[in-house]
2 protein chains.
Amino acid sequence: MTNPVKIPAFLAHLPLFCEMSPDEIERIARGARELGLARGEVLFQRGDPCTGFYVVMHGRVKLALTSPQGIEKVVELIGPGQSFGEAVMFMDKPYPVYAQALTDSMVLHIGKQVIVGGIDSDPNFCRKMLAGLSIRLHRLIQTVESISLRSPAQRVIDLLLQELDGTKEGLDVHVSLSANKNVIASNLNITPETFSRILRNLSDAGLIAVEGKDVCIRDVARLRSYDE
Amino acid sequence: MTNPVKIPAFLAHLPLFCEMSPDEIERIARGARELGLARGEVLFQRGDPCTGFYVVMHGRVKLALTSPQGIEKVVELIGPGQSFGEAVMFMDKPYPVYAQALTDSMVLHIGKQVIVGGIDSDPNFCRKMLAGLSIRLHRLIQTVESISLRSPAQRVIDLLLQELDGTKEGLDVHVSLSANKNVIASNLNITPETFSRILRNLSDAGLIAVEGKDVCIRDVARLRSYDE
DNA sequence: CGCTCCATTGATGCCAGTCAAGAAATGTGG
DNA sequence: CCACATTTCTTGACTGGCATCAATGGAGCG
């Protein structure tokens, strides 16, 4: 089916495993298995027990919650090279969110045992695991800050600017939305309608140009300093 | 000044250290120092570098953010026996929030070095550290869920119910708010005015009785199932 | 070509924020 | 211990932004 030889190579360039010796990587790889996901397929439900964590090889996965009234809230979007579900491994609690593939995807499941084993034998690995969790925590605090203190329009602008990432400044910079607009809207904690209207306002103001999932930022500096 | 003999005893009954040997505890204690804080005193600012983490011995500390417009958002309230700042230790980033004492308090600062040392030598300790971070992460997800999917009134009810904690059910149960109402309101992501009005509504509905920081829950089950 | 999914746009309503004033509680100094 | 100052809390009137509801427009796909 899939080629198991490639797994160690893939693992070796992840931040979490990159300093490990080849045989340690090999050990981890033996506890890992590839999983193909069709678009829309649910990887785990909220409440499911946790048997390990996941790394996205290609495709895109969302972590989300559903309210009693059936409203969905997207907590996080996970792309290639990113991992999720590590935190739940270290508690005896089930998943607090559910995971669903947004596109046809390939993910790697890494069993709990090999990680726990790695921790016991390799303090360096342990520190990386801690760093990984810390970064996630940091990101969640940013999420809380964003939802609590920034207006919907500011949140949209922030999103556009962080999709930039590498490219720091410039004119007519091109970015691409990483998911459907309703998914992104949910992640920004606004309705799709509001998202659409904000994009329209920014377009009318000459700050961006939208064409489907492609957004052209006319002037990064001006967008960054834009105040409603 | 303060009695250093007490520190090991205090450490020993924290979840993080409770299974450690006495001499390991002793080693941690040597890397710790007590800090007295006056009400209103700022322990660290957002952006400060991190040199360790903190445990509250008595008193109460808030972790908060300030928006560019000067609006404050309380991210977390920390009480006796609880710790904060662990996550930042494992990244080379500064504090993403600031910490301020809400009452005269005594906190313990535990230096980064002794923790890193503990991780290298004790896998069990390492696992506890991971568990601790995981629990914080879990709590933050709950925060996001609460802000995103629950109405202000529901959030107030949730707060009252979780202050209960031990006492699961019953009539005329008494709880006490752990901080000033404006602080709690900020933590619930509502204005003090809205908080006041919601408490009033719940009072008028006969669900609770408020007297200063003391709240009497008339019927826990009814409050829990209350739908706006 | 028709179906489904996604995005946009308009009209409307409501909840919570804002502003402002007053009451109550807390703290302070004489 | 009282009078005063300051902070905290409550209440009212008003406003506005975002959600909601509803209908239409496109894009992709079998």
Side-chain angles (χ1 to χ4, degrees), chain A residues 38-40 60 62 67 69-74 100-104 146-157 159 176-204 208-215 227-228, chain B residues 38-41 60 62 67 69-74 77 100-104 146-157 159 176-204 208-215 227-228:
Chain A
R39 176 177 198 268
R60 206 160 279 273
K62 76 172 181 208
S67 77
Q69 298 85 33
I71 302 164
E72 177 188 73
K73 156 72 189 173
V74 174
Q100 185 180 26
L102 291 173
T103 63
D104 293 347
S146 167
I147 294 177
S148 310
L149 295 175
R150 327 212 89 220
S151 71
Q154 285 171 327
R155 297 205 289 273
V156 171
I157 292 174
L159 172 85
S176 188
L177 300 179
S178 63
N180 284 347
K181 291 185 180 171
N182 54 1
V183 172
I184 291 179
S186 168
N187 191 32
L188 294 174
N189 225 41
I190 55 182
T191 58
E193 291 94 327
T194 299
F195 186 44
S196 180
R197 284 187 250 265
I198 290 171
L199 286 181
R200 182 147 222 313
N201 290 344
L202 294 176
S203 294
D204 290 351
I208 62 172
V210 183
E211 198 175 309
K213 286 181 180 173
D214 296 325
V215 179
D227 234 319
E228 309 288 298
Chain B
R39 175 177 199 267
E41 194 170 336
R60 207 161 278 275
K62 77 172 178 207
S67 77
Q69 298 84 34
I71 302 164
E72 179 187 74
K73 156 71 190 174
V74 175
L77 296 171
Q100 184 180 26
L102 291 173
T103 64
D104 293 348
S146 167
I147 294 176
S148 310
L149 295 175
R150 326 213 90 216
S151 72
Q154 285 171 327
R155 298 205 289 273
V156 171
I157 293 174
L159 172 86
S176 188
L177 300 178
S178 63
N180 285 345
K181 292 186 180 170
N182 54 2
V183 172
I184 291 179
S186 170
N187 191 32
L188 294 175
N189 225 41
I190 55 182
T191 59
E193 293 94 325
T194 299
F195 186 43
S196 181
R197 285 187 250 265
I198 290 171
L199 286 180
R200 182 147 223 314
N201 288 345
L202 294 176
S203 294
D204 290 350
I208 62 173
V210 183
E211 201 174 308
K213 286 182 180 172
D214 297 324
V215 179
D227 232 319
E228 312 285 302

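Hydrogens, waters and symmetry mates play no part in the numbers below; they use all other heavy atoms, side chains included. First the proteins, then the strands, lettered A, B, ... as listed; each starts at 1.
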Taking the side chain of Arg39(B) as its heavy atoms from C-beta onward, which of dT9(C), dT8(D), dT18(C) lies nearest to it? dT8(D)
Report yes if at least one side-chain N or O of Lys213(A) is closer than 4.0 Å to OP1 or OP2 of dA7(C); otherwise report no. no
Atom pair distance, as rounded to whole Å: CZ in Arg197(B) and P in dG17(C): 9 Å
As an exercise, state the distance from CG of Leu149(B) to CG of Asn189(A), rounded to the nearest 0.5 Å. 7.5 Å
Using whole Å, what does the distance between atom P of nucleotide dC15(C) and atom CG of Asn189(B) come to? 18 Å
Between Thr194(B) and Phe195(A), just flag the one whose closest nucleotide in DNA chain C comes earlier from the 5' side. Phe195(A)
So, Arg155(A) side chain and Leu188(A) main chain: donor-acceptor pair closer than 3.5 Å or not? yes
Rounded to the Å, how far apart are Lys73(B) NZ and dG17(C) P? 11 Å
Keeping Gln100(B) on the side-chain end and Lys62(B) on the backbone end, is there a donor-acceptor pair under 3.5 Å? no
Short side-chain N/O contact to dC18(D) OP1/OP2 from Thr191(A), under 4.0 Å: no
Indicate whether OP1 or OP2 belonging to dT9(C) is found under 4.0 Å from a side-chain N or O atom of Arg200(A). yes
Could you grab the distance from atom OG of Ser196(A) to atom CG of Asn201(A), nearest 0.5 Å is fine? 9.5 Å
Lys181(B) has an atom NZ; how far is it from atom C1' of dT7(D), in whole Å? 14 Å
From the set dC6(C), dC19(C), dT8(D), return the single nucleotide nearest to any side-chain atom of Asn180(A). dC6(C)
In whole Å, what is the span from the CG atom of Leu149(A) to the C1' atom of dG17(C)? 14 Å
Rounded off to whole Å, could you give me the CG-to-P distance for the Asn182(B) and dT6(D) pair? 18 Å
Mind calculating the distance between CD (Glu211(A)) and P (dG28(D)) to the nearest angstrom? 11 Å
Candidates dC21(D), dA13(D), dA16(C) - which lies nearest the side chain of Glu193(A): dC21(D)
Without decimals, in angstroms, what is the distance between Ile147(A) CD1 and dC18(D) P? 14 Å
When you measure from the side chain of Lys181(B) to the backbone N and O of Lys213(B), does any donor-acceptor pair fall under 3.5 Å? no
